[in-house]
Structures are given as C-alpha cells and as structure tokens.
Amino acid sequence: MSDVLLPSAEMAYSTPDAQGFYGPYGGTFVPETVVPALQELAAGYQEAIEDAAFVQELLYLLRDYVGRPSPLYRADRLAREVGLGAVYLKREDLNHTGAHKVNNTIGQCLLAKRMGKNRVIAETGAGQHGVATATTAALLGLECAVFMGVEDIRRQALNVYKMRLLGAEVIPVAEGQGTLADAVTAALRHWVERVDDTFYVIGSALGPHPYPQMVRDFQSVIGSEILGQMEEKQIPQVDAVIACIGGGSNAIGTFYPFLRDVPAGKRPLLIGAEAAGLGLDTDRHGAALTKGSPGVLHGFYSYLLQDDSGNPLEAYSISAGLDYPGVGPEHSYLKDEGLVRYETVTDAEALEAFALLTRVEGIIPAIESSHALALLPRLAAEIGSDATVIVTVSGRGDKDMDIVREAGLGE
Amino acid sequence: MIELGVPYGDPLADGPVIAEAAAVARAGEGGFGLVHALQVAAAFIRDPGVDQAPPVVAMTYMNPVMRLGLAETADRMRDAGVAGLIIPDMPPEASAPWRAVSKGLDTVFLVAPTSTDERLAVVAAVSAGFVYCVSSMGVTGERESLAIGLAEQVARVKRHTDLPVAVGFGVGDAAQAAQVAAIADGVIVGSAIVRRQSDPVAVESFVRELAAAVRS
C-alpha cells in the first residue's frame with residue numbers, strides 16, 4: 001500500500017536529497033520564523049507516509065470521496081482528428097471538485113489534522129486549489145482561509161462563491177498584480193504570523209522543502225494509476241506522455257512514477273506544456289522554463305521569470321492556473337537533465353485544442369489542460385501517425401466558460 | 001549604524017510600509033535594485049557629511065544577490081565600504097556559498113521567537129557582526145506593544161552567542177526603543193523611519209528622539 005508514496009530502495013531516479021534539493025534546485029529560502037515549522041512538517045510528513053493507518057485513510061478518501069481511480073479513456077475521434085494512432089486521456093477532470101488539486105489537498109489536510117493543526121490556509125489562482133482546500137476542510141472539520149488576488153477574484157467569481165459556501169474565508173490580496181504570485185506571498189506572510197496553529201496547504205509542487213516533494217508524492221497517484229491502467233488495458237507501447245505546467249503539480253504527478261519505475265530505455269517521451277500566452281517574443285507569457293533563468297522566489301530555487309535586478313516578473317496566460325512566474329524545482333532539474341522536454345503553447349493554440357476536444361469527444365477541458373492537448377498535432381507530425389500518446393486532462397472547463405466566451409468560441 | 005534596505009519586488013519578510021517604499025523606488029525609470037543601492041552606500045560612505053560614516057549594513061533578499069552573482073555582490077559591497085549584510089530569506093543551512101565568497105563582510109543572521117535552542121546554536125555559529133533578534137511573529141512594521149517574553153527571548157539568544165544581540169521587527173517609537181535598549185545590545189527601527197521619509201526634518205527629529213531614548 002505504501003508503495004504509492006514511498007520510493008523503492010533500488011530505484012535509479014531519486015529526488016530530492018535530504019536538504020530538499022533537486023540537483024541545484026529547490027531548497028529552503030525562507031525567514032527564520034518558519035524554518036522550525038518546515039522542519040516539523042518534513043518530520044511529520046515522513047512519519048505519516050510510513051504509517052499504514054494514514055496511508056489507508058488517504059487511499060480510502062481518494063477512492064470513495066474523490067472517485068479514484070480516474071479513467072484512462074481512449075479518445076478515438078480525437079486521435080483521428082490530430083493524426084495519431086491512439087490518444088488516451090487521464091481524466092483528472094472527473095475528480096470531485098473537477099481537477100487534480102484535490103489529490104493533494106486531501107493528503108495535506110489529513111496531515112494537518114494529524115499534526116494537530118485545526119486551521120488551514122491556501123493560495124489560489126483560478127480558484128481550483130482554493131475550492132479543493134475549502135472542500136477538504138469542510139470534510140475534515142478544519143477552519144479554512146484562502147488568499148486570492150483581487151484580479152483573480154474578479155475573473156473567477158463563481159469559485160469565490162463556492163469557497164464561501166463551503167465555509168472558507170476568502171481573503172482578497174490587492175498587492176502587486178492581484179494574481180497567483182501575490183496570493184502565494186500573502187499566504188506565506190500570513191503563515192509566518194500564525195505558524196503556531198496554522199497549516200499552509202500549498203497547491204502546487206513548489207515552495208520551500210518539503211512542499212515540492214510532498215505535493216509531488218500526493219499527486220503521483222496520477223502516474224501510478226496510468227502505469228497500472230496501461231497494463232490492465234494491455235497498451236503495448238506508449239510513445240509520449242503530456243501534461244500542462246504552471247507550478248507543475250499535475251505534470252510531476254504524472255511523470256514521477258514513469259521516472260521512478262520505468263527504466264530509461266523503456267520510458268516514453270515525457271513532455272510538459274508551458275503557457276506561451278500571447279507569444280514568447282512578447283512579455284506576456286508564463287514560460288519560466290523556456291524563457292526564465294534560475295533564481296529564488298517563494299522559498300525555493302528554480303527557473304524564474306525575472307528582471308535584471310532579480311525582481312520576479314508578472315506572468316501572463318489566458319489560464320489563471322498557468323500564470324505563475326516560477327515553476328516547481330523538480331521541473332528545473334528535469335529540464336537540465338534532459339529527462340523531460342518542455343514546450344510552449346499560446347493562448348490561441350490552447351483555445352483551439354479546447355474547442356476540438358469539446359466538439360469531437362464531448363469533454364470540456366480546463367483551459368490549463370488544453371495547453372497539453374494542443375501539443376498533440378505537433379507531436380503527430382514529429383513521431384508519426386501510429387504513435388500512442390497519453391495526455392493528463394488536469395481539470396474540467398466549467399470554470400472557464402466566461403473566458404472562452406469572451407475569446408469568441410462557439411459564436 | 002545604518003541599515004540600508006534594497007528595494008525588492010517580493011519582500012517576504014517586510015510589512016506594508018517597507019513593501020510600499022520598495023515599490024515606489026522600483027517604479028522609477030530604469031528601476032532601482034541592489035547595484036543602485038550599493039552605489040548610494042558608496043557615495044554616502046565616501047562623503048557622509050560628518051567626521052566618520054557610521055557602519056552601513058545592507059538588507060536585501062536572496063534573489064537580487066544571486067542575480068548579480070554572489071562573488072560580484074561581495075566585491076561590490078567591499079568596494080563600497082559596506083560593513084555587512086542581512087538576507088532574511090537565507091537561513092544558515094543555505095548560506096555556505098555566500099559565506100565562502102564574502103570574507104571581510106559581516107553576514108548577520110536572524111533568530112525568531114519560534115527558534116528552538118538547537119536553531120539558536122545553528123544561527124549563532126554562522127552569524128557575524130551581531131545577531132538580529134526578530135521580536136515578533138510576522139513581517140516588519142510597527143506594533144502597538146512589544147512582544148510578551150521579549151526579555152526572556154533575548155536572554156535565551158545571549159546564552160548561545162557572545163555577539164551583540166539587536167532587536168527589530170516591531171519597534172516603532174522612542175518609548176519602545178528605550179524598553180528594548182534596557183534588555184538588548186541594539187535596537188533596530190525600520191518602518192517607523194521609512195514611513196516619515198518624505199519629510200527629512202521629521203526623520204531627523206525622530207531619529208534624534210530614538211537616539212536619546214536608547215541612551216537614557
């Protein structure tokens with residue numbers, strides 16, 4: 001059972017090191033006030049995943065509450081449209097609350113409870129992680145506050161309303177651009193003040209150690225299920241696996257089991273799709289890995305969009321879940337090591353992929369996930385029309401109706 | 001001693017007054033970052049307008065230092081005559097690369113109310129110049145009253161180090177400064193001065209008031 005979370009001893013791919021580094025990336029760059037809390041968290045997490053009762057409760061909730069395993073669905077009409085042999089969709093959009101985020105919030109909120117913290121806080125961009133945290137807090141009887149930029153509150157009014165219905169307090173963040181990066185900063189600052197009684201539930205595989213590892217481990221249920229489902233469905237060969245990347249949690253959750261359990265020679269091509277926004281030649285994108293340079297933001301070292309003085313730059317994407325100026329540290333390591341390939345997708349390409357999946361499969365994907373889907377036609381041209389590709393559909397598109405309508409889809 | 005704050009776009013440990021000041025400084029043409037701050041420090045130290053410049057300690061976050069380069073930052077700081085620096089998001093464990101290139105500069109580390117004895121020993125082992133004792137949970141900025149247990153906290157820090165212990169984060173007026181001076185070796189006042197910066201006369205009279213209070 002614990003093999004879901006615990007790496008095997010003889011594995012070749014082993015991250016992070018004891019200090020939370022992935023090669024040179026990751027680590028802990030935070031004010032001293034929270035260092036003891038992070039050390040306590042790292043120890044508490046290790047204890048929890050070695051405790052069969054904790055793992056059992058987690059797996060129980062993932063199954064009976066979230067609805068796991070999520071299907072690996074063969075999208076034949078989509079495959080024909082994009083010119084590939086087979087396309088399988090990992091349906092994280094079918095999870096309770098509509099995205100992969102809940103895999104992680106259940107893990108972290110169970111951990112909060114186990115560590116005696118009855119109050120959780122979270123940051124949110126599009127609102128998906130906020131809703132997932134508020135949902136899990138309601139389930140487990142925890143007090144919950146969610147930090148959200150004022151611009152995102154405006155763009156995602158429905159999710160704000162949902163969080164309040166679920167009993168969470170939504171705290172508007174007016175600093176900076178009023179988006180995800182500002183919400184992370186506000187949540188971190190608040191955590192520094194309330195570290196005694198508050199657990200910070202970070203929504204992506206980023207932040208100071210042990211967060212990137214913990215979030216990856218909780219999200220690895222995605223990739224582990226895919227490996228099992230490939231066997232079950234007797235899929236002879238998979239040529240590529242694709243996921244979108246903002247902070248990178250659904251991507252690392254998809255890729256990590258492939259890195260850990262599949263020998264390099266047999267491993268499919270792993271591809272992450274970053275947001276190119278209005279184009280890489282503009283300053284309106286969120287492509288930290290492709291266009292950024294290494295630096296420290298929000299407590300960890302990783303590729304980062306930054307200016308000459310080291311200030312983080314504003315990221316942009318049509319999808320509120322991908323407009324983050326940094327990226328989880330393990331992705332930076334995987335990029336440098338050449339273990340994962342990172343490509344970029346513009347707003348326009350993502351919208352096109354969104355429309356295609358909706359029309360030919362009757363599945364409305366999140367605009368974030370549409371970035372991953374947009375790589376399919378490109379890939380067909382590269383690896384051929386017989387190839388088999390798996391795409392993680394990280395969430396559903398209900399939340400994006402206003403955005404796609406504004407963009408003129410369906411007119 | 002003068003603590004010179006370097007404007008930064010994501011000041012995790014700073015409250016609204018310093019964050020706002022940083023935003024204003026950066027909004028100017030060409031921005032304003034670590035390089036510019038060190039130029040200001042160099043000009044001041046060269047020509048302080050008094051017989052001898054007080055020691056200048058820069059406070060910056062990790063990323064501007066990394067962006068400029070650790071060795072390059074250290075060189076420029078030494079050239080400017082800066083005495084040391086404070087990097088609030090660089091805990092001791094992450095500091096080895098910086099300490100390896102920063103000979104001749106005092107790197108000041110912070111301790112917090114949450115620091116265990118074990119942490120205090122770790123910080124004391126690497127800090128130089130003084131130990132910065134964060135008096136309250138949270139970010140920089142004035143508080144209505146000093147934290148309960150501050151005297152005890154300072155005493156606990158002092159058991160781990162022979163360096164001077166200076167208290168900051170939340171000291172906002174002369175009365176509080178006098179209280180802190182009675183229990184610690186130094187008092188650090190930031191936001192309360194920055195808040196007055198548009199009025200140099202007010203800054204001067206406030207600093208005189210603080211100085212008188214800590215010497216009384």
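Chain letters run A, B, ... following the sequence lines, proteins first and then strands; every chain starts at 1. No hydrogens, no waters, no symmetry mates; every other heavy atom, side chains included, goes into these values.
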| query | Under a 4.5 Å heavy-atom cut-off, does chain A meet the side chain of B:Pro64, its backbone, both or neither? | reply | both
| request: Against chain B, label A:Pro31 side chain, backbone, both or neither, depending on which of its atoms sit under 4.5 Å from a heavy atom there. | output: both
| Residue pair A:Ala37 / A:Val195: nearest heavy atoms and the distance that separates them | CB-CG2, 3.1 Å
| field | For B:Glu142 against B:Ala192, the heavy-atom pair lying closest together | value | OE2-CA, 3.4 Å
| field | chain A contact via B:Glu118 - which portion, at a heavy-atom distance below 4.5 Å | value | neither
| chain B contact via A:Gln306 - side chain, backbone, both or neither, heavy atoms under 4.5 Å | both
| query | Given the options B:Arg119, B:Met62, B:Met90, which has more heavy-atom pairs under 4.5 Å with chain A than any of the others? | reply | B:Arg119
| query | Do B:Tyr132 and B:Phe169 have ring centroids that are under 6.0 Å from one another? | reply | yes
| query | Is the gap between the ring centers of A:Tyr25 and A:Tyr303 under 6.0 Å? | reply | yes
| query | Are the aromatic ring centres of A:Tyr324 and A:His298 under 6.0 angstrom apart? | reply | yes
| field | chain A neighbours within residues 23-32 of chain B, where any heavy atom lies under 4.5 Å away | value | B:Arg26
| field | Heavy-atom pairs under 4.5 Å with chain B, option from A:Glu193, A:Glu175, A:Gln39 with the top count | value | A:Glu193
| field | Nearest heavy-atom neighbours spanning A:Ala122 and A:Tyr200 | value | CA-CE1, 4.0 Å
| request: Indicate the atoms forming the closest heavy-atom contact of B:Ile45 with B:Pro48, along with that distance. | output: O-CD, 3.6 Å
| field | chain A contact residues among residues 4-16 of chain B, heavy-atom distance under 4.5 Å | value | B:Pro7, B:Tyr8, B:Gly9, B:Asp10, B:Pro11, B:Leu12, B:Ala13, B:Asp14
| Portion of B:Val111 that has a non-hydrogen atom of chain A nearer than 4.5 angstrom | backbone
| field | Interchain contact, A:Asp308 with chain B, by part (heavy-atom threshold 4.5 Å) | value | both
| query | Can you tell me if CG on B:Asp117 sees more than 12 non-hydrogen neighbours from other groups inside 6.0 Å? | reply | yes
| B:Val65, part contacting chain A, at a heavy-atom distance under 4.5 Å | neither
